[in-house]
Amino acid sequence: MAWSQKQFIFALTMVVTGSINTLSTKWADNIESEGSDGQVRRFVHPFVQACAMFLGEFLCLLAFKAVYYHLRRKNNGSEDRHDLVQGNREFSPFILFVPAMCDMLATSIMYVGLNLTYPSSFQLLRGSVIIFVAILSVAFLNRTLVKREWFGIAFIMFGLVIVGMSDVLSNDNTGSQYTRNNVITGDLLIILAQIITAVQMVYEEYYVTALNIPALQAVGWEGFFGFSVLGSLLLPMYFIHVMYPFNSNAHGVLEDLPDALAQMVNNYQLIIAISGMIVSIAFFNFAGISVTKEISATTRMVLDSVRTLVVWIVSLLLVWQKFHYLQLIGFAGLLFGMCLYNDILVLQTYRRVKMALLLRIGRQSSDGMGEVIINRQADEPDRPEMKFPWSHTTIVDMIKTDHKVEEKCHQVTTDIVAGKLNVAEFVEELGPALTHTDASIRAKGTTLLSNVLKDLPPDSLNESQVELLCTFYIDRSLDHNTVTPMVLAGIEALTHMTNFPEGAAVRLLRALFERVPCQSQKKPERTLYFQTILNLTERKTAELKTWGVDFVYGVIGAMEGERDPRNLLYLFENMPSFIRTFPMYHLAEEMFETFACYFPIDFHPNPNDPVPITRQLLAEHLANCLCATPEMAEFAVPLLLEKLDSSLIMAKLDSLSMLGKCLELLEVAKIEEHHDELWTALKKELLPTATGTSAAEKELIEAAFAAVQALAKNASTNESSAKALLDKILLSVMGGLTDASSKQFEMSLRVELSCAKGSVYCAVYVIEKLIPMLLAQLNVDGHVEIRVANVLIDGLQRLCAVCAYWYCIDKLDPALVGQINKKLVEIVLQEADSSEQKRSALKALAAVPEMVTSENRYVVYSTMVKILLTATKQPTQTIDAAQECLFSFATRYQQEVKTIVLEKLITHDYATAEPSLVQLVFKTLGKFIHYHGYMEKIVNFFLSKIFDPEN
């Protein structure tokens, strides 16, 4: 495809200004001028030159601001659409400080090296940055390099070795600065600088890329930081003395700014050279960004290689170096390696041929693989020749100029479903775009195909058609990274097809795992990546199980490092079933660590998010992943123990919640070894100062009690383990339980009650241990404070409630039950009706009416009747307790309640009673209608009150 005039100007500007930048720098190195000491010498001031380069980059920031404010003045939103300024402009510039420092160090070292070696070698050796970026990307970005990239690196290394050999063999013995030692030192310094540059690039990809900062603005800020810091460092450099060959200035120091300024004043050519550096680097960055926007990133890489060739040719013409055939070979090796690594030209020709063959096979194969007809109508011999919506032009021109291309593809989808078109011919029609040398055209062509697949009904393609498309996308997964998003969209669309072929799931996912690093993609593409994996795991479970450990490893690699909350929520929701379905082999711990790095969740939702994601939602689903299986839960216990030591309440809450899930899955043998640590952590939250007043602190305390209950329940499956744990807990709270007047009594009692709720065994253990302690404090010789007595009776009532919950009265020691009965009846008989102790005693009796002996029941009946018939003088709480006790006894002892309690209530003379009393008693009697065996008596009573005039 031919370039437009604007694209050609940008490309030419990039090559010319990039070449001028390197040549201007070297020209300045070769210019001789009188220094501050009166001596004439070459201009050897690499750090001053680096400052000039950063000043040129800083000009990009000024250009960015100028363009931005110019567009903003139009007041039509164009500043958010223009290629040079669109993106995130609200960010902290200091995120760019680290890459700026790397750039400063690398540039300074490169300019020192350029003083010692040939300009062409300088330009060629800069290509070695690809090697170090690849290595660091594998180490820190979890990137997987495909074979093509490894071969590219190998050719680049070959080219570097050849260039180094040419520099050594081209030793200049004429007394110039290009001695063998200088050249080798310079080459090594340039390679060292590329390592630092690689660190810069990896840092920018990891931290900066996601911010979507406009490129011109990013370059400008890095120039500002580099110029500011390096300019400040020129002062101390003036006082650092160095040895040859780095001391070629007036004072033999690391950098001599006065000497540099003197040389520039004494030779106008230096001013021109330095100005050329400043202006050329600014225009080079501007043109490079424009080439990426207008053409493609791969074109920018090619043009950068052309710049290397230009620098080499000009250096030969200016006799700055001698020709050596090895440099030509080295240049060829570097260029081939860079093209291979970046997927430029070399493999594209191969793919075009392969694609053409695939299409031909897809249409002509006689064994069924080529049956690409969507509808039976398409099989008819008299079907008219297919017409596409863009038949008036070529597909490439249409992609380039037609803004309604998406609309036309929707028409293609409709025609395919209707049987007017078929997929194979559509793919063939897209062929020139799918195999074009320009990655941006291939990307748009692939987008069209993927959009059509996404819009097709799932049953529109037969198995051979899906097979053909799977083969195409697997091949396309090796394409340039600008094509990758569209490849992922197409693959995800194929996973929904009804006739998805056997064996294709493994092939597709293997291609993704090996060729398309998930975390190198942007957020929407990572979402498609995860959807593809989980769609196939749901539909092709058996097939993927046979793949084995490599499949699990690939899934882990795809998830590692994910940071987007929506993607994480999607994974957290779906991965528990994945973990339970697929064997983890030896990767169980690695799978656990993949999720453990997010625990506890630290997330603050965006208040403007139309569909907000809450921290609580993420935390709940993350816990489900960490406790998906007993094997995973086993790893979770040490993690939550560690987080329980945190000072963050949210971390503790999440840990306690996850502990409950772990205890439901793990056998007591797996958790028993952690009993001491777990109880120590829980005790820290509950005793002795669990007095939280905030809502979060209260929630934490309740969560800790729930964890104690879950721990006791888990231990109950083994009686010896349960007894050891309960003994340990009881020993810890004994001091608080033996003194009802202490502040620790309530929390100690709640701890034991939480244990009692764990199981029947725990309930019997706790009740039989605690009731003697409480009765002993009630039965002491001498006066017991009312407040203390109230607390103790309330404790007895709560223990009785636990006993009722587990219905374990028959498992308790009869002597102990008799003591409780005696004490409670004594309180009911002796204490005032309005006392808190009497209310607690009635509630306790209501919980376990079975423990009250027959002779004592009459005491209770009399008390209940008395309270109800004097209700106007009683507190509401006392009336409620009496009614609760009455209904409990009515269920257990029907005949006694009928003949004693109801008879007294029914025969009472209400003629002179207060209306409020009558209303309360009648409401109480009315509730008996719902109890079996009482309806007739109560209905007759009410009918007599209604129709008997004497009543």
Side-chain angles (χ1 to χ4, degrees), residues 683 685-693 697-698 701-702 704-705 708 729-757 766-804 816 819-848 851-852 856 859-860 863-864 866-867 870-871 873-885:
K683 182 170 64 174
E685 302 304 324
L686 298 172
L687 304 171
T689 56
T691 56
T693 55
E697 289 173 331
K698 291 177 180 177
I701 292 171
E702 294 303 319
F705 283 128
V708 171
I729 295 174
L730 181 61
L731 187 63
S732 300
V733 301
M734 184 77 78
L737 289 172
T738 53
D739 184 5
S741 62
S742 70
K743 294 181 179 179
Q744 281 82 45
F745 178 82
E746 173 61 21
M747 297 305 293
S748 300
L749 178 62
R750 286 197 64 185
V751 168
E752 288 298 316
L753 288 171
S754 297
C755 291
K757 292 174 184 177
V766 169
I767 292 170
E768 290 188 341
K769 294 289 185 182
L770 262 62
I771 282 182
M773 293 185 197
L774 304 184
L775 291 176
Q777 295 177 70
L778 279 170
N779 296 329
V780 294
D781 295 333
H783 176 68
V784 178
E785 291 184 31
I786 294 177
R787 181 185 68 81
V788 174
N790 289 343
V791 169
L792 290 168
I793 299 301
D794 178 68
L796 286 174
Q797 179 264 318
R798 288 154 78 181
L799 287 169
C800 289
V802 172
C803 181
L816 184 65
Q819 293 176 36
I820 304 172
N821 168 44
K822 179 181 176 183
K823 189 63 182 178
L824 292 176
V825 172
E826 180 184 310
I827 293 169
V828 169
L829 186 62
Q830 296 178 357
E831 295 296 327
D833 291 341
S834 60
S835 70
E836 186 176 336
Q837 292 179 43
K838 194 162 195 170
R839 290 198 294 271
S840 297
L842 286 171
K843 286 184 178 181
L845 293 172
V848 279
M851 74 177 175
V852 185
N856 287 336
V859 174
V860 177
T863 302
M864 290 189 290
K866 178 186 173 186
I867 291 172
T870 58
K873 301 176 183 178
Q874 305 295 346
T876 303
Q877 298 92 327
T878 301
I879 297 171
D880 291 341
Q883 288 177 330
E884 181 182 345
C885 189

Considering all heavy atoms, the nearest [X]-[Y] contact:
X	Y	value
Met864	Ala882	SD-O, 3.7 Å
Leu774	Gly795	CD1-C, 3.9 Å
Ala846	Cys885	CB-CA, 3.6 Å
Gln874	Ser834	OE1-N, 4.0 Å

Side chain proximity check, [X] to [Y], heavy atoms < 4.5 angstrom:
X	Y	result
Leu845	Val828	yes
Gln777	Val784	no
Glu884	Leu842	no
Val848	Ile820	no
Lys843	Cys800	no
Leu796	Leu775	yes
Leu770	Leu749	yes

Working to the nearest 0.5 angstrom, can you tell me the gap between [X] [atom1] and [Y] [atom2]?
X	Y	atom1	atom2	answer
Ile767	Arg798	CD1	CZ	13.5 Å
Leu816	Met851	CG	CE	10.0 Å
Glu746	Ser748	CD	OG	9.0 Å
Met747	Glu685	CE	CD	10.5 Å
Ile729	Glu752	CD1	CD	7.0 Å
Lys822	Asn779	NZ	CG	8.0 Å

Practice problem: Apply the test side-chain contact (heavy atoms from CB on, under 4.5 Å) to residues Val766 and Leu799: give CA-CA distance (whole Å), side-chain angles for both, the deciding distance (0.1 Å), then the verdict. | Solution: CA-CA 8 Å; Val766 169; Leu799 287 169; 4.2 Å; yes

Quiz item: Can Leu737 and Met734 be said to form a side-chain contact (heavy atoms from CB on, under 4.5 Å), step by step?
Solution: CA-CA 5 Å; Leu737 289 172; Met734 184 77 78; 5.5 Å; no

Quiz item: Is a side-chain donor-acceptor pair under 3.5 Å present for Ser840 with Glu836?
Solution: no

Quiz item: Between Ile786, Leu792, Ile793, Asp794, which is the residue that forms a side chain to side chain contact (heavy atoms under 4.5 Å, CB included) with Asn790?
Solution: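 Running side chain to side chain contact (heavy atoms under 4.5 Å, CB included) over Ile786, Leu792, Ile793, Asp794 with Asn790 returns exactly one hit, Ile786.
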
Quiz item: Pick from Leu829, Thr863, Thr878, Leu824: which one makes a side chain to side chain contact (heavy atoms under 4.5 Å, CB included) with Lys838?
Solution: Thr863

Quiz prompt | Enclosure of Lys823 NZ (heavy-atom neighbours >12, cutoff 6.0 Å) | solution = yes

Quiz prompt | For Asp833, the option from Lys866, Lys873, Arg839 that meets salt bridge (charged side-chain N to carboxylate O under 4.0 Å, His left out) | solution =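 Filter result, single survivor: Lys866.
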
Exercise. Please report the C-alpha distance between Val708 and Leu686 in whole Å, then the side-chain angles of each, then the deciding distance to 0.1 Å, and finally whether the side-chain contact (heavy atoms from CB on, under 4.5 Å) criterion is met.
Key: CA-CA 10 Å; Val708 171; Leu686 298 172; 4.0 Å; yes

